[in-house]
Amino acid sequence: MTDSADSPSFRLAYVPGVTPAKWARTWHERLPDVPLTLLQVTPAEAADALREGTADAAFVRLPVDRTAFSAIPLYTETTVVVVPKDHVITAADEVTLDDLADEVVVHPLDDVLGWEKLPGEPAFERPETTADAIELVAANIGVLVVPQSLARLHHRRDLTYRTLVDAPQSSIALSWPQDATTDLVEDFIGIVRGRTVNSTRGRVQQPPAEPKAERAKPRSGGAPRKAGSGGASRGRSGGATGGGRRGTGGKPGKPRRRS
């Protein structure tokens with residue numbers, strides 16, 4: 001297990017186009033003692049990385065095998081068409097599949113859009129990767145349809161892209177093996193979902209122990225002294241012994257007559 005007591009760590013795989021930096025920063029802030037290792041994998045390798053235990057969780061492109069993996073969909077990407085900067089398509093802000101009818105559309109083997117029917121004219125051969133397809137577009141051999149994040153990832157100064165409004169789209173999800181939902185996986189789910197540190201969801205947080213209040217010990221020797229017990233005490237005759245001026249032992253003088 002990756003979150004063992006001896007050497008806890010967390011391994012996160014991600015496919016091209018995903019930028020895990022903001023989640024990694026939050027992880028380091030909240031769990032500074034647990035190393036986070038980032039592993040870039042291809043879409044085809046992501047499932048194997050989870051199944052074989054190479055990664056504890058992964059940012060993947062949907063769909064995934066829901067019989068083996070849990071998945072939380074995060075967002076759906078805009079689809080774009082990559083073209084040379086001087087291409088006629090750049091005259092519009094967005095285009096449709098019909099606008100590609102006369103174009104050679106390059107279709108790489110690592111395509112992530114899952115076309116039922118590819119638009120335009122097929123290229124003479126399919127390049128192995130999206131990076132190879134970008135090179136063909138730069139050579140004016142055809143155009144390429146990809147999620148926007150991949151167009152940005154493979155940005156070139158001589159190429160640009162436009163939104164393709166009616167094309168298939170690709171969605172990103174956080175996925176992990178159903179039988180390996182560890183405490184660290186729960187921690188990362190909370191980070192991705194934007195939960196606060198004190199959120200009650202995800203891993204169960206143990207409440208801090210409250211300090212015990214010290215009780216005042218009762219005084220020994222019976223009941224506590226009444227308030228004002230330090231004042232004048234009563235004498236045997238019922239008069240106050242300390243209230244007025246005490247005599248000097250002689251007879252009391254006669255009271256003065258009022259004028």
Side-chain angles (χ1 to χ4, degrees), residues 11-28 36-50 54-55 57-64 71-87 89-90 92-95 97 99-100 103-115 118-120 123 125-175 188 191-192:
R11 296 165 298 175
L12 177 66
Y14 64 100
V15 296
V18 176
T19 306
K22 63 178 180 179
W23 296 301
R25 283 195 300 269
T26 304
W27 176 277
H28 292 310
L36 174 65
T37 302
L38 298 177
L39 308 170
Q40 187 172 34
V41 296
T42 66
E45 296 169 341
D48 290 338
L50 294 175
T54 305
F59 288 114
V60 301
R61 293 190 180 275
L62 294 176
V64 297
I72 300 175
L74 300 177
Y75 58 89
T76 298
E77 291 198 66
T78 298
T79 301
V80 301
V81 55
V82 181
V83 297
K85 277 194 171 181
D86 58 354
H87 198 283
I89 283 179
T90 61
D93 292 332
E94 56 185 32
V95 295
L97 293 177
D99 295 323
L100 304 182
E103 300 291 337
V104 173
V105 178
V106 181
H107 189 205
L109 294 175
D110 63 354
D111 173 73
V112 296
L113 294 175
W115 295 93
L118 197 69
E125 61 180 356
R126 295 184 64 183
E128 184 174 351
T129 67
T130 298
D132 295 334
I134 289 289
E135 294 295 331
L136 296 178
V137 176
N140 283 303
I141 292 177
V143 300
L144 173 66
V145 180
V146 291
Q148 187 175 22
S149 66
L150 294 182
R152 290 174 174 174
L153 178 66
H154 298 286
H155 171 72
R156 289 176 51 123
R157 298 182 64 179
D158 54 345
L159 301 180
T160 188
Y161 59 82
R162 291 292 184 269
T163 299
L164 197 56
V165 295
D166 54 351
Q169 295 177 310
S170 177
S171 296
I172 299 296
L174 175 66
S175 183
F188 193 74
I191 290 173
V192 170

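With hydrogens and angles disregarded, a donor-acceptor distance shorter than 3.5 Å links the side chain of Thr79 to the backbone of Pro168. Remark: the backbone N or O of Leu97 is paired with a side-chain donor or acceptor of Asp166 at under 3.5 angstrom. At distances below 3.5 Å, at least one donor-acceptor pair connects side-chain atoms of Glu77 with backbone N or O atoms of Ser149. Side-chain atoms of Arg162 come within 3.5 Å of backbone N or O of Ala92 as a donor-acceptor pair. Under the 3.5 Å distance criterion, the side-chain polar atoms of Thr54 are left unmatched by any main-chain donor or acceptor of Leu50.
The shortest distance between side-chain heavy atoms of Pro127 and Val106 falls below 4.5 Å. When side chains are defined from C-beta on, Val60 does not count as touching Tyr14, because their heavy atoms never get closer than 4.5 Å. You'll find the side chain of Phe59 reaches within 4.5 Å of the side chain of Leu174, heavy atoms only. Put simply, the side chain of Val165 does not reach to within 4.5 Å of the side chain of Val95, judged on heavy atoms. Within the 4.5 Å cutoff, no side-chain heavy atoms of Trp23 are placed close to those of Leu12. With contacts defined as side-chain heavy-atom distances shorter than 4.5 Å, the pair Ile172/Arg61 qualifies. Side-chain contact between Thr90 and Lys85 is absent, with no heavy-atom pair separated by less than 4.5 Å.
The OG atom of Ser170 sits 7.5 Å away from atom CG of Leu150, with the distance rounded to the nearest 0.5 Å. Distance check: Leu164 CG to Asp99 CG gives 8.0 Å after rounding to the nearest 0.5 Å. Between Thr130 atom OG1 and Leu109 atom CG the span is 9.5 Å, to the nearest 0.5 Å. His154 NE2 to Thr129 OG1: the interatomic distance, rounded to the nearest 0.5 Å, is 7.0 Å. Atom CD in Glu125 sits 14.0 Å away from atom NE2 in His107 (nearest 0.5 Å).
More than 12 heavy atoms of other residues, nucleotides or ligands shown are found within 6.0 angstrom of CD on Gln169. More than 12 heavy atoms of other shown residues, nucleotides or ligands fall within 6.0 angstrom of atom CG in Asp158.
Of all the heavy atoms in Val80 and Ala151, the pair that sits closest is CG2-CB, 3.7 Å. Closest approach of Val105 to Gly120, counting heavy atoms only: CG2-CA, 4.0 Å. Taking every heavy atom of both residues into account, Pro43 and Pro16 meet most closely at CD-CD, 4.1 Å.
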Compile the donor-acceptor pairs under 3.5 Å between side chains in residues 133-147 and protein atoms, sequence neighbours left out, one pair per line.
residue : atom : partner : partner atom : Å
Glu135  : OE1  : Arg156  : NH1          : 3.3
Glu135  : OE2  : Arg156  : NH1          : 3.3

